[in-house]
Number of protein chains: 2
Amino acid sequence: MKISVLGEGMHCRSCHDCTARDFAICAALDKTELRELAQLSRHVRFESGATVFAQANLATSFFSVHAGTLRLYKLLPDSRRQIVGFALPGDFLGLPGLPHHEFSADAVGRVTLCQFPKESFATFAEKRPQLLRRMVELAGHELARAQEHMVLLGRRSAEEKIASFLIGWRDRLSGIGRGGEILPLPMKRLDIADHLGLTIETVSRTFSKLERDGVIQIFASGVVLLDAPRAEALSAGVS
Amino acid sequence: MKISVLGEGMHCRSCHDCTARDFAICAALDKTELRELAQLSRHVRFESGATVFAQANLATSFFSVHAGTLRLYKLLPDSRRQIVGFALPGDFLGLPGLPHHEFSADAVGRVTLCQFPKESFATFAEKRPQLLRRMVELAGHELARAQEHMVLLGRRSAEEKIASFLIGWRDRLSGIGRGGEILPLPMKRLDIADHLGLTIETVSRTFSKLERDGVIQIFASGVVLLDAPRAEALSAGVS
DNA sequence: TGTTGTCCTTGATTGAGATCAACCCGATCA
DNA sequence: TGATCGGGTTGATCTCAATCAAGGACAACA
(Lines give C-alpha, C1' and ligand atoms only; values in the text may rest on other atoms or scores of the structure.)
Protein backbone atom coordinates (compact mmCIF):
# COMPACT_ATOMS: atom_id res chain seq x y z
CA MET A 1 0.00 0.00 0.00
CA LYS A 2 1.98 2.95 -1.31
CA ILE A 3 0.70 6.47 -0.87
CA SER A 4 2.11 9.03 -3.26
CA VAL A 5 1.66 12.59 -2.05
CA LEU A 6 1.32 15.33 -4.63
CA GLY A 7 4.12 17.54 -3.41
CA GLU A 8 4.88 17.68 0.29
CA GLY A 9 3.11 20.26 2.43
CA MET A 10 0.89 21.24 -0.43
CA HIS A 11 -2.25 21.12 1.67
CA CYS A 12 -4.87 20.78 -1.03
CA ARG A 13 -4.13 24.03 -2.84
CA SER A 14 -7.11 23.62 -5.10
CA CYS A 15 -10.09 23.61 -2.71
CA HIS A 16 -11.42 26.88 -4.11
CA ASP A 17 -11.67 25.49 -7.62
CA CYS A 18 -12.16 21.83 -6.70
CA THR A 19 -14.32 20.08 -9.29
CA ALA A 20 -15.83 17.78 -6.68
CA ARG A 21 -16.59 20.41 -4.04
CA ASP A 22 -20.29 20.81 -4.79
CA PHE A 23 -21.01 17.12 -4.25
CA ALA A 24 -18.51 16.54 -1.49
CA ILE A 25 -18.69 16.90 2.25
CA CYS A 26 -17.13 20.35 1.84
CA ALA A 27 -20.39 21.70 0.41
CA ALA A 28 -21.54 22.10 4.01
CA LEU A 29 -18.76 24.58 4.83
CA ASP A 30 -18.29 28.31 4.37
CA LYS A 31 -15.16 29.91 2.94
CA THR A 32 -13.31 30.23 6.24
CA GLU A 33 -14.10 26.70 7.35
CA LEU A 34 -13.09 25.41 3.95
CA ARG A 35 -9.65 26.96 4.41
CA GLU A 36 -9.36 25.50 7.91
CA LEU A 37 -10.31 22.05 6.67
CA ALA A 38 -7.84 22.37 3.80
CA GLN A 39 -5.12 22.86 6.42
CA LEU A 40 -5.91 19.42 7.81
CA SER A 41 -6.02 17.68 4.48
CA ARG A 42 -3.62 16.63 1.81
CA HIS A 43 -4.07 15.44 -1.72
CA VAL A 44 -3.02 11.89 -2.49
CA ARG A 45 -2.89 10.04 -5.75
CA PHE A 46 -3.15 6.33 -6.55
CA GLU A 47 -2.39 4.59 -9.79
CA SER A 48 -4.74 2.03 -11.32
CA GLY A 49 -5.16 -1.05 -9.17
CA ALA A 50 -3.47 0.42 -6.10
CA THR A 51 -5.05 -0.24 -2.71
CA VAL A 52 -6.13 2.87 -0.80
CA PHE A 53 -6.99 0.94 2.35
CA ALA A 54 -7.78 -2.64 3.27
CA GLN A 55 -10.64 -4.22 5.17
CA ALA A 56 -10.04 -4.75 8.90
CA ASN A 57 -7.04 -2.43 8.95
CA LEU A 58 -7.11 0.40 11.46
CA ALA A 59 -8.80 3.41 9.91
CA THR A 60 -6.59 6.42 10.60
CA SER A 61 -7.91 8.69 7.85
CA PHE A 62 -11.08 9.75 6.16
CA PHE A 63 -11.08 10.38 2.42
CA SER A 64 -13.09 12.47 0.04
CA VAL A 65 -12.85 11.36 -3.59
CA HIS A 66 -11.58 14.14 -5.83
CA ALA A 67 -11.21 12.38 -9.19
CA GLY A 68 -11.51 8.84 -10.54
CA THR A 69 -13.36 5.70 -9.50
CA LEU A 70 -12.71 3.27 -6.65
CA ARG A 71 -14.04 -0.20 -6.07
CA LEU A 72 -15.10 -0.93 -2.50
CA TYR A 73 -15.20 -4.61 -1.69
CA LYS A 74 -15.31 -7.29 0.94
CA LEU A 75 -13.61 -10.67 0.67
CA LEU A 76 -14.58 -14.02 2.14
CA PRO A 77 -11.77 -16.26 3.47
CA ASP A 78 -11.90 -18.40 0.31
CA SER A 79 -11.50 -15.25 -1.78
CA ARG A 80 -15.04 -14.88 -2.99
CA ARG A 81 -15.48 -11.16 -3.45
CA GLN A 82 -18.44 -8.81 -3.17
CA ILE A 83 -18.01 -5.27 -4.45
CA VAL A 84 -20.28 -3.27 -2.17
CA GLY A 85 -20.04 -0.17 -4.30
CA PHE A 86 -18.04 2.10 -6.55
CA ALA A 87 -16.92 5.47 -5.19
CA LEU A 88 -17.00 8.53 -7.44
CA PRO A 89 -15.90 12.16 -7.03
CA GLY A 90 -17.60 13.72 -4.02
CA ASP A 91 -18.02 10.44 -2.17
CA PHE A 92 -16.82 10.33 1.42
CA LEU A 93 -14.98 7.25 2.68
CA GLY A 94 -14.83 6.34 6.32
CA LEU A 95 -17.22 6.58 9.23
CA PRO A 96 -16.75 7.76 12.80
CA GLY A 97 -17.49 5.14 15.44
CA LEU A 98 -15.93 2.31 13.49
CA PRO A 99 -12.24 1.98 14.29
CA HIS A 100 -11.47 -0.41 11.44
CA HIS A 101 -12.17 -0.25 7.73
CA GLU A 102 -15.26 -2.26 6.90
CA PHE A 103 -14.14 -2.92 3.33
CA SER A 104 -11.14 -2.57 1.06
CA ALA A 105 -10.84 0.18 -1.51
CA ASP A 106 -8.72 0.27 -4.59
CA ALA A 107 -8.30 2.48 -7.58
CA VAL A 108 -10.08 1.76 -10.87
CA GLY A 109 -7.83 3.82 -13.12
CA ARG A 110 -5.96 6.76 -11.63
CA VAL A 111 -7.55 8.30 -8.55
CA THR A 112 -6.99 11.41 -6.48
CA LEU A 113 -8.36 11.91 -2.99
CA CYS A 114 -8.41 14.40 -0.16
CA GLN A 115 -7.08 12.69 2.93
CA PHE A 116 -8.02 13.82 6.46
CA PRO A 117 -6.46 12.41 9.61
CA LYS A 118 -9.34 10.89 11.51
CA GLU A 119 -8.81 12.61 14.88
CA SER A 120 -8.28 16.10 13.54
CA PHE A 121 -11.28 15.75 11.26
CA ALA A 122 -13.36 14.54 14.18
CA THR A 123 -12.22 17.50 16.29
CA PHE A 124 -13.00 19.86 13.46
CA ALA A 125 -16.47 18.34 12.94
CA GLU A 126 -17.29 18.24 16.67
CA LYS A 127 -18.25 21.92 16.81
CA ARG A 128 -19.91 22.15 13.42
CA PRO A 129 -23.45 20.79 13.39
CA GLN A 130 -23.75 21.72 9.72
CA LEU A 131 -20.96 19.32 8.85
CA LEU A 132 -22.32 16.58 11.11
CA ARG A 133 -25.75 17.03 9.59
CA ARG A 134 -24.23 16.66 6.17
CA MET A 135 -22.46 13.49 7.25
CA VAL A 136 -25.74 12.03 8.52
CA GLU A 137 -27.29 12.87 5.17
CA LEU A 138 -24.45 11.34 3.17
CA ALA A 139 -24.60 8.21 5.31
CA GLY A 140 -28.35 8.11 4.77
CA HIS A 141 -28.00 8.29 1.02
CA GLU A 142 -25.36 5.59 1.12
CA LEU A 143 -27.64 3.42 3.23
CA ALA A 144 -30.54 3.93 0.83
CA ARG A 145 -28.31 2.90 -2.05
CA ALA A 146 -27.14 -0.16 -0.13
CA GLN A 147 -30.74 -1.21 0.50
CA GLU A 148 -31.62 -0.77 -3.14
CA HIS A 149 -28.64 -2.96 -3.97
CA MET A 150 -29.91 -5.64 -1.60
CA VAL A 151 -33.10 -5.84 -3.65
CA LEU A 152 -30.98 -6.24 -6.75
CA LEU A 153 -28.81 -8.97 -5.24
CA GLY A 154 -31.62 -10.86 -3.58
CA ARG A 155 -34.51 -10.64 -5.98
CA ARG A 156 -33.53 -9.84 -9.54
CA SER A 157 -32.57 -11.79 -12.65
CA ALA A 158 -29.22 -11.41 -14.39
CA GLU A 159 -30.73 -9.23 -17.11
CA GLU A 160 -32.44 -6.98 -14.57
CA LYS A 161 -29.22 -6.72 -12.58
CA ILE A 162 -27.22 -5.52 -15.58
CA ALA A 163 -29.92 -3.08 -16.72
CA SER A 164 -30.27 -1.78 -13.16
CA PHE A 165 -26.54 -1.32 -12.85
CA LEU A 166 -26.30 0.60 -16.12
CA ILE A 167 -29.21 2.90 -15.25
CA GLY A 168 -27.89 3.51 -11.74
CA TRP A 169 -24.40 4.20 -13.03
CA ARG A 170 -25.75 6.61 -15.66
CA ASP A 171 -27.76 8.47 -13.02
CA ARG A 172 -24.83 8.75 -10.65
CA LEU A 173 -22.55 10.09 -13.38
CA SER A 174 -25.09 12.62 -14.56
CA GLY A 175 -25.58 13.65 -10.93
CA ILE A 176 -21.95 14.79 -10.84
CA GLY A 177 -22.08 16.42 -14.25
CA ARG A 178 -20.56 13.52 -16.14
CA GLY A 179 -23.55 12.55 -18.21
CA GLY A 180 -23.09 11.98 -21.95
CA GLU A 181 -23.99 9.93 -24.98
CA ILE A 182 -21.58 7.15 -24.17
CA LEU A 183 -21.73 5.67 -20.70
CA PRO A 184 -18.14 5.02 -19.63
CA LEU A 185 -17.49 1.79 -17.73
CA PRO A 186 -13.99 2.10 -16.30
CA MET A 187 -14.32 -1.13 -14.31
CA LYS A 188 -13.72 -4.60 -15.71
CA ARG A 189 -16.35 -7.27 -16.36
CA LEU A 190 -15.12 -9.15 -13.31
CA ASP A 191 -15.76 -6.07 -11.17
CA ILE A 192 -19.30 -5.80 -12.52
CA ALA A 193 -19.83 -9.52 -11.85
CA ASP A 194 -18.60 -9.22 -8.27
CA HIS A 195 -20.80 -6.19 -7.77
CA LEU A 196 -23.97 -7.85 -9.07
CA GLY A 197 -23.52 -11.32 -7.61
CA LEU A 198 -22.90 -12.93 -11.00
CA THR A 199 -20.01 -14.57 -12.82
CA ILE A 200 -17.97 -12.88 -15.50
CA GLU A 201 -19.46 -15.20 -18.13
CA THR A 202 -23.02 -14.31 -17.22
CA VAL A 203 -22.17 -10.60 -17.32
CA SER A 204 -20.63 -11.02 -20.74
CA ARG A 205 -23.53 -13.05 -22.07
CA THR A 206 -26.08 -10.59 -20.72
CA PHE A 207 -24.27 -7.61 -22.25
CA SER A 208 -24.30 -9.52 -25.55
CA LYS A 209 -28.00 -10.27 -25.22
CA LEU A 210 -28.85 -6.63 -24.47
CA GLU A 211 -26.84 -5.62 -27.54
CA ARG A 212 -28.58 -8.25 -29.71
CA ASP A 213 -31.93 -6.91 -28.44
CA GLY A 214 -30.96 -3.38 -29.43
CA VAL A 215 -30.97 -2.06 -25.86
CA ILE A 216 -27.30 -1.11 -25.74
CA GLN A 217 -24.29 -0.85 -27.98
CA ILE A 218 -20.99 -2.07 -26.60
CA PHE A 219 -17.71 -0.19 -26.99
CA ALA A 220 -14.31 -0.78 -25.47
CA SER A 221 -14.71 2.15 -23.11
CA GLY A 222 -18.37 1.67 -22.20
CA VAL A 223 -21.84 1.37 -23.65
CA VAL A 224 -24.44 3.54 -25.36
CA LEU A 225 -28.02 3.17 -24.16
CA LEU A 226 -29.83 2.85 -27.48
CA ASP A 227 -33.14 2.05 -25.82
CA ALA A 228 -33.05 3.78 -22.45
CA PRO A 229 -36.79 3.30 -21.73
CA ARG A 230 -36.43 -0.46 -22.20
CA ALA A 231 -33.39 -0.49 -19.92
CA GLU A 232 -35.27 1.56 -17.35
CA ALA A 233 -38.21 -0.84 -17.49
CA LEU A 234 -35.92 -3.80 -16.88
CA SER A 235 -34.20 -1.82 -14.13
CA ALA A 236 -37.50 -1.05 -12.43
CA GLY A 237 -38.46 -4.70 -12.43
CA VAL A 238 -41.35 -4.30 -14.87
CA SER A 239 -41.76 -6.99 -17.55
CA MET B 1 -52.28 2.19 8.70
CA LYS B 2 -53.76 2.60 12.15
CA ILE B 3 -51.74 4.18 14.92
CA SER B 4 -52.91 3.40 18.41
CA VAL B 5 -51.55 5.81 20.97
CA LEU B 6 -51.00 4.57 24.51
CA GLY B 7 -53.11 7.15 26.30
CA GLU B 8 -53.31 10.67 24.90
CA GLY B 9 -50.77 13.23 26.08
CA MET B 10 -48.76 10.61 27.87
CA HIS B 11 -45.47 11.78 26.45
CA CYS B 12 -43.35 8.71 26.98
CA ARG B 13 -43.60 8.61 30.77
CA SER B 14 -41.12 5.81 31.00
CA CYS B 15 -37.93 7.29 29.54
CA HIS B 16 -36.15 7.11 32.88
CA ASP B 17 -36.65 3.36 33.13
CA CYS B 18 -36.80 2.58 29.41
CA THR B 19 -35.42 -0.87 28.70
CA ALA B 20 -34.08 0.21 25.33
CA ARG B 21 -32.44 3.45 26.40
CA ASP B 22 -28.88 2.18 26.62
CA PHE B 23 -28.88 1.02 22.99
CA ALA B 24 -31.07 3.76 21.60
CA ILE B 25 -30.33 7.21 20.27
CA CYS B 26 -31.19 8.55 23.72
CA ALA B 27 -27.94 7.17 25.12
CA ALA B 28 -26.27 10.31 23.75
CA LEU B 29 -28.34 12.61 25.96
CA ASP B 30 -28.09 13.83 29.54
CA LYS B 31 -30.98 13.84 31.99
CA THR B 32 -32.28 17.29 31.07
CA GLU B 33 -32.08 16.67 27.35
CA LEU B 34 -33.79 13.34 27.83
CA ARG B 35 -36.73 15.09 29.45
CA GLU B 36 -36.86 17.66 26.66
CA LEU B 37 -36.81 14.95 24.02
CA ALA B 38 -39.51 13.04 25.87
CA GLN B 39 -41.71 16.13 25.52
CA LEU B 40 -41.47 15.79 21.75
CA SER B 41 -42.15 12.11 21.65
CA ARG B 42 -45.05 9.81 22.19
CA HIS B 43 -45.33 6.10 22.61
CA VAL B 44 -47.19 4.19 19.93
CA ARG B 45 -48.12 0.53 19.71
CA PHE B 46 -48.72 -1.72 16.73
CA GLU B 47 -50.27 -5.16 16.69
CA SER B 48 -48.75 -8.06 14.78
CA GLY B 49 -48.68 -7.47 11.05
CA ALA B 50 -49.60 -3.78 11.26
CA THR B 51 -47.77 -1.36 8.97
CA VAL B 52 -45.83 1.39 10.75
CA PHE B 53 -44.98 3.23 7.55
CA ALA B 54 -44.84 2.44 3.85
CA GLN B 55 -42.14 2.88 1.25
CA ALA B 56 -42.34 6.11 -0.77
CA ASN B 57 -44.76 7.72 1.67
CA LEU B 58 -43.78 11.07 3.08
CA ALA B 59 -41.71 10.58 6.21
CA THR B 60 -43.14 12.86 8.88
CA SER B 61 -41.76 11.07 11.92
CA PHE B 62 -38.68 9.35 13.20
CA PHE B 63 -39.03 6.28 15.38
CA SER B 64 -36.97 4.58 18.01
CA VAL B 65 -37.91 0.96 18.65
CA HIS B 66 -38.86 0.35 22.27
CA ALA B 67 -40.00 -3.28 22.21
CA GLY B 68 -40.63 -5.97 19.62
CA THR B 69 -39.37 -6.70 16.13
CA LEU B 70 -40.13 -5.03 12.81
CA ARG B 71 -39.48 -6.21 9.30
CA LEU B 72 -38.16 -3.53 6.95
CA TYR B 73 -38.71 -4.32 3.30
CA LYS B 74 -38.82 -3.09 -0.25
CA LEU B 75 -41.20 -4.35 -2.92
CA LEU B 76 -40.76 -4.60 -6.67
CA PRO B 77 -43.75 -3.75 -8.88
CA ASP B 78 -44.50 -7.46 -9.43
CA SER B 79 -44.51 -7.95 -5.64
CA ARG B 80 -41.14 -9.62 -5.27
CA ARG B 81 -40.03 -8.61 -1.79
CA GLN B 82 -36.63 -8.01 -0.21
CA ILE B 83 -36.49 -7.64 3.55
CA VAL B 84 -33.58 -5.25 4.03
CA GLY B 85 -33.43 -5.84 7.76
CA PHE B 86 -35.20 -6.51 11.02
CA ALA B 87 -35.40 -3.71 13.57
CA LEU B 88 -34.98 -4.47 17.26
CA PRO B 89 -35.24 -2.40 20.46
CA GLY B 90 -32.86 0.55 20.30
CA ASP B 91 -32.90 0.79 16.53
CA PHE B 92 -33.62 4.17 15.03
CA LEU B 93 -35.87 4.42 11.98
CA GLY B 94 -35.73 7.33 9.59
CA LEU B 95 -33.00 9.52 8.23
CA PRO B 96 -32.73 13.28 7.78
CA GLY B 97 -32.21 14.41 4.20
CA LEU B 98 -34.56 11.85 2.72
CA PRO B 99 -38.11 13.20 2.56
CA HIS B 100 -39.72 9.84 1.78
CA HIS B 101 -39.50 6.46 3.46
CA GLU B 102 -37.03 4.26 1.62
CA PHE B 103 -38.73 1.06 2.75
CA SER B 104 -41.85 -0.19 4.45
CA ALA B 105 -41.91 -1.31 8.05
CA ASP B 106 -44.35 -3.59 9.77
CA ALA B 107 -44.68 -5.26 13.09
CA VAL B 108 -43.56 -8.85 13.66
CA GLY B 109 -45.59 -9.57 16.76
CA ARG B 110 -46.58 -6.65 18.98
CA VAL B 111 -44.32 -3.62 18.79
CA THR B 112 -43.96 -0.38 20.73
CA LEU B 113 -42.06 2.64 19.46
CA CYS B 114 -41.13 6.17 20.44
CA GLN B 115 -42.38 8.49 17.74
CA PHE B 116 -40.76 11.89 17.09
CA PRO B 117 -42.17 14.45 14.66
CA LYS B 118 -39.45 14.92 12.09
CA GLU B 119 -39.15 18.72 12.22
CA SER B 120 -39.13 19.07 15.97
CA PHE B 121 -36.59 16.28 16.27
CA ALA B 122 -34.43 17.97 13.64
CA THR B 123 -34.65 21.27 15.50
CA PHE B 124 -33.79 19.54 18.74
CA ALA B 125 -30.80 17.78 17.17
CA GLU B 126 -29.54 20.88 15.33
CA LYS B 127 -27.85 22.29 18.40
CA ARG B 128 -26.62 19.03 19.88
CA PRO B 129 -23.47 17.73 18.23
CA GLN B 130 -23.47 14.79 20.62
CA LEU B 131 -26.77 13.61 19.24
CA LEU B 132 -25.74 14.22 15.63
CA ARG B 133 -22.51 12.33 16.24
CA ARG B 134 -24.51 9.46 17.64
CA MET B 135 -26.74 9.50 14.56
CA VAL B 136 -23.70 9.36 12.28
CA GLU B 137 -22.45 6.38 14.28
CA LEU B 138 -25.79 4.57 14.16
CA ALA B 139 -26.03 5.20 10.41
CA GLY B 140 -22.48 3.90 10.06
CA HIS B 141 -23.29 0.70 11.91
CA GLU B 142 -26.38 0.26 9.81
CA LEU B 143 -24.34 0.77 6.67
CA ALA B 144 -21.74 -1.76 7.78
CA ARG B 145 -24.50 -4.27 8.42
CA ALA B 146 -26.01 -3.57 5.01
CA GLN B 147 -22.67 -4.18 3.33
CA GLU B 148 -22.20 -7.43 5.19
CA HIS B 149 -25.64 -8.45 4.01
CA MET B 150 -24.66 -7.68 0.41
CA VAL B 151 -21.87 -10.24 0.72
CA LEU B 152 -24.41 -12.73 1.99
CA LEU B 153 -26.88 -12.06 -0.81
CA GLY B 154 -24.33 -11.91 -3.58
CA ARG B 155 -21.80 -14.56 -2.72
CA ARG B 156 -23.04 -17.20 -0.32
CA SER B 157 -24.79 -20.55 -0.58
CA ALA B 158 -28.19 -21.26 0.95
CA GLU B 159 -26.62 -23.11 3.87
CA GLU B 160 -24.17 -20.29 4.55
CA LYS B 161 -26.98 -17.76 4.34
CA ILE B 162 -29.05 -19.54 6.97
CA ALA B 163 -26.09 -20.10 9.28
CA SER B 164 -25.02 -16.48 8.86
CA PHE B 165 -28.50 -15.26 9.62
CA LEU B 166 -28.76 -17.35 12.78
CA ILE B 167 -25.36 -16.23 14.07
CA GLY B 168 -26.05 -12.59 13.25
CA TRP B 169 -29.44 -12.75 14.90
CA ARG B 170 -27.99 -14.39 18.00
CA ASP B 171 -25.31 -11.70 18.24
CA ARG B 172 -27.79 -8.86 17.85
CA LEU B 173 -30.06 -10.28 20.51
CA SER B 174 -27.23 -10.84 22.94
CA GLY B 175 -26.08 -7.27 22.20
CA ILE B 176 -29.34 -5.98 23.67
CA GLY B 177 -29.32 -8.39 26.57
CA ARG B 178 -31.65 -10.94 25.04
CA GLY B 179 -29.20 -13.79 24.69
CA GLY B 180 -30.29 -17.26 25.84
CA GLU B 181 -30.23 -20.96 25.24
CA ILE B 182 -33.03 -20.88 22.73
CA LEU B 183 -32.74 -18.42 19.86
CA PRO B 184 -36.22 -16.98 19.30
CA LEU B 185 -37.26 -16.48 15.68
CA PRO B 186 -40.41 -14.36 15.80
CA MET B 187 -40.51 -13.97 12.02
CA LYS B 188 -42.00 -16.52 9.63
CA ARG B 189 -40.10 -18.71 7.18
CA LEU B 190 -41.28 -16.50 4.36
CA ASP B 191 -39.72 -13.48 6.07
CA ILE B 192 -36.42 -15.30 6.42
CA ALA B 193 -36.58 -16.32 2.76
CA ASP B 194 -37.25 -12.77 1.62
CA HIS B 195 -34.42 -11.54 3.81
CA LEU B 196 -31.86 -14.02 2.48
CA GLY B 197 -32.83 -14.03 -1.19
CA LEU B 198 -34.21 -17.57 -1.05
CA THR B 199 -37.60 -19.27 -1.33
CA ILE B 200 -39.57 -20.55 1.62
CA GLU B 201 -38.95 -24.15 0.47
CA THR B 202 -35.18 -23.70 0.41
CA VAL B 203 -35.26 -22.11 3.86
CA SER B 204 -37.27 -25.02 5.20
CA ARG B 205 -35.04 -27.62 3.56
CA THR B 206 -31.89 -25.91 4.84
CA PHE B 207 -33.23 -25.72 8.39
CA SER B 208 -34.01 -29.43 8.13
CA LYS B 209 -30.54 -30.20 6.82
CA LEU B 210 -28.88 -28.23 9.63
CA GLU B 211 -31.00 -30.14 12.11
CA ARG B 212 -30.13 -33.52 10.50
CA ASP B 213 -26.45 -32.51 10.71
CA GLY B 214 -26.79 -31.76 14.42
CA VAL B 215 -26.04 -28.05 14.03
CA ILE B 216 -29.38 -26.80 15.30
CA GLN B 217 -32.54 -28.07 16.91
CA ILE B 218 -35.81 -26.66 15.67
CA PHE B 219 -38.66 -25.59 17.94
CA ALA B 220 -41.88 -23.79 17.21
CA SER B 221 -40.58 -20.58 18.73
CA GLY B 222 -37.02 -20.70 17.40
CA VAL B 223 -33.89 -22.83 17.32
CA VAL B 224 -31.15 -24.00 19.66
CA LEU B 225 -27.60 -23.82 18.34
CA LEU B 226 -26.35 -27.29 19.25
CA ASP B 227 -23.08 -26.81 17.39
CA ALA B 228 -22.38 -23.09 17.49
CA PRO B 229 -18.76 -23.41 16.26
CA ARG B 230 -19.95 -25.27 13.18
CA ALA B 231 -22.61 -22.63 12.52
CA GLU B 232 -20.02 -19.88 13.01
CA ALA B 233 -17.68 -21.59 10.55
CA LEU B 234 -20.44 -21.78 7.94
CA SER B 235 -21.33 -18.18 8.73
CA ALA B 236 -17.74 -17.01 8.26
CA GLY B 237 -17.56 -18.71 4.88
CA VAL B 238 -15.01 -21.30 5.92
CA SER B 239 -15.50 -24.85 4.62
C1' DT C 1 7.06 -10.52 -36.16
C1' DG C 2 6.05 -13.67 -33.13
C1' DT C 3 5.17 -14.33 -28.04
C1' DT C 4 2.94 -13.55 -23.94
C1' DG C 5 -0.66 -12.04 -21.05
C1' DT C 6 -5.01 -9.84 -20.02
C1' DC C 7 -9.60 -9.27 -20.92
C1' DC C 8 -13.60 -10.64 -23.09
C1' DT C 9 -16.73 -13.73 -25.54
C1' DT C 10 -19.06 -17.96 -26.72
C1' DG C 11 -20.38 -22.90 -26.42
C1' DA C 12 -21.43 -27.26 -23.76
C1' DT C 13 -22.68 -29.16 -19.58
C1' DT C 14 -23.84 -29.17 -14.74
C1' DG C 15 -25.97 -28.08 -10.56
C1' DA C 16 -28.06 -25.31 -6.77
C1' DG C 17 -32.00 -23.52 -5.87
C1' DA C 18 -36.70 -22.35 -7.92
C1' DT C 19 -41.01 -24.09 -9.04
C1' DC C 20 -44.86 -27.18 -8.90
C1' DA C 21 -47.42 -30.20 -6.09
C1' DA C 22 -48.77 -32.80 -2.20
C1' DC C 23 -49.23 -33.39 2.50
C1' DC C 24 -48.75 -32.61 7.68
C1' DC C 25 -49.87 -30.34 11.91
C1' DG C 26 -51.96 -27.46 15.22
C1' DA C 27 -55.29 -23.75 16.03
C1' DT C 28 -59.81 -22.01 15.44
C1' DC C 29 -64.43 -22.46 15.04
C1' DA C 30 -69.08 -24.08 13.54
C1' DT D 1 -66.26 -33.88 15.54
C1' DG D 2 -64.93 -32.53 11.58
C1' DA D 3 -64.03 -28.49 8.44
C1' DT D 4 -61.04 -24.87 7.38
C1' DC D 5 -56.88 -22.30 7.31
C1' DG D 6 -52.21 -20.69 7.92
C1' DG D 7 -47.71 -22.13 8.33
C1' DG D 8 -44.33 -25.54 7.61
C1' DT D 9 -42.20 -29.67 5.40
C1' DT D 10 -40.98 -32.82 1.74
C1' DG D 11 -40.70 -34.78 -2.98
C1' DA D 12 -40.31 -34.39 -8.18
C1' DT D 13 -38.99 -31.69 -11.79
C1' DC D 14 -37.26 -27.70 -14.15
C1' DT D 15 -34.44 -23.65 -15.09
C1' DC D 16 -31.27 -20.02 -14.77
C1' DA D 17 -26.92 -19.04 -13.90
C1' DA D 18 -22.48 -21.46 -12.61
C1' DT D 19 -18.90 -24.12 -14.20
C1' DC D 20 -15.83 -26.10 -17.52
C1' DA D 21 -13.56 -25.34 -21.78
C1' DA D 22 -11.98 -23.09 -25.85
C1' DG D 23 -10.82 -19.37 -28.59
C1' DG D 24 -10.62 -14.28 -30.14
C1' DA D 25 -8.97 -9.37 -29.76
C1' DC D 26 -5.55 -6.47 -28.53
C1' DA D 27 -1.61 -4.37 -26.18
C1' DA D 28 3.12 -4.83 -24.51
C1' DC D 29 7.38 -6.35 -25.54
C1' DA D 30 11.45 -9.10 -26.85
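Per chain, numbering begins at 1; letters A, B, ... match sequence-line order. All of these numbers come straight from a predicted model, not from anything done at the bench.
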From the 5' end of DNA chain C to its 3' end, which nucleotides mark the outer limits of contact with chain A, defined by a 4.0 Å heavy-atom distance cut-off (strictly under)?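 Nucleotide range with atoms under 4.0 Å of chain A: C:dC7 to C:dA12.
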Kindly write out the residues that satisfy ring pair (Phe, Tyr, Trp, His ring centres under 6.0 Å) with A:Phe62, not counting sequence neighbours, or none if the list is empty.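 Expected list: A:Phe92, A:Phe121.
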Under the side chain to side chain contact (heavy atoms under 4.5 Å, CB included) test, which residues partner [X], sequence neighbours left out?
X	value
A:Thr202	A:Ala158, A:Leu198, A:Thr199, A:Thr206
A:Ser208	A:Arg212
A:Lys188	A:Asp191
B:Val111	B:Leu70, B:Ala107, B:Leu113

Around A:Arg80, counting heavy atoms of other residues, nucleotides and ligands shown, do more than 12 lie under 6.0 Å from its CZ? yes
What residues from residues 156-164 of chain A pass a heavy-atom cutoff of under 4.0 Å to DNA chain D? A:Ser157, A:Ala158
Would you compute the distance between atom SG of B:Cys114 and atom CZ of B:Phe63 and round it to the nearest 0.5 angstrom? 10.5 Å
Contact nearer the 5' end of DNA chain C, comparing A:Glu201 with A:Arg155: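 Residue closer to the 5' terminus by nearest nucleotide: A:Glu201.
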Pairs under 3.5 angstrom only: tabulate donor-acceptor contacts from the side chains of residues 214-232 of chain B to other protein residues two or more places apart or in another chain.
residue  : atom : partner  : partner atom : Å
B:Asp227 : OD1  : B:Arg230 : N            : 3.1
B:Glu232 : OE2  : B:Arg170 : NH1          : 3.0
B:Glu232 : OE2  : B:Arg170 : NH2          : 3.0

Inter-axis angle, terminal five-pair segments of the helix from C:dT1-D:dA30 to C:dA30-D:dT1 [nearest 10°]: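 What I find for the helix from C:dT1-D:dA30 to C:dA30-D:dT1 is an axis angle of 20°.
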Are the charged groups of A:Arg189 and A:Asp194 less than 4.0 angstrom apart, N to O?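 A:Asp194 and A:Arg189: not salt-bridged.
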List, with names and distances, any nitrogen or oxygen atoms from the protein found under 3.5 Å away from nitrogen or oxygen atoms belonging to nucleotides 22-26 of chain D.
none

Distance-only side-chain donor-acceptor flag, B:Gln82 / A:Arg155, under 3.5 Å: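 There is no such pair between these side chains.
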Mind running a 4.0 Å heavy-atom check of residues 204-214 of chain A against DNA chain C and sending the residues that fall below it, in number order? A:Ser204, A:Arg205, A:Ser208
For residues 174-199 of chain B, which residue pairs pass the ring-ring contact (aromatic ring centres under 6.0 Å, His included) check, not counting sequence neighbours? B:Phe86-B:His195, B:His149-B:His195, B:Phe165-B:His195
Search all heavy atoms of B:Leu58 against all heavy atoms of B:His100 and return the closest pair with its distance.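 It is CD1-CE1, 3.5 Å.
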Shortest non-hydrogen contact between A:Ala146 and B:Ala146, atoms and distance: CB-CB, 3.8 Å
Rounded distance (Å) that lies between atom [atom2] of [N] and atom [atom1] of [X]:
X	N	atom1	atom2	result
B:Leu198	D:dT9	CG	P	14 Å
B:Ile200	D:dG7	CD1	P	9 Å
B:Asp191	D:dG6	CG	P	16 Å

Contact between B:Ser235 and B:Glu160 at the side-chain level, heavy atoms closer than 4.5 Å - yes or no? no
Can the positive tip of B:Arg110 be found less than 6.0 Å from the middle of the six-membered ring of B:Phe46, inside 45° of the ring normal? no
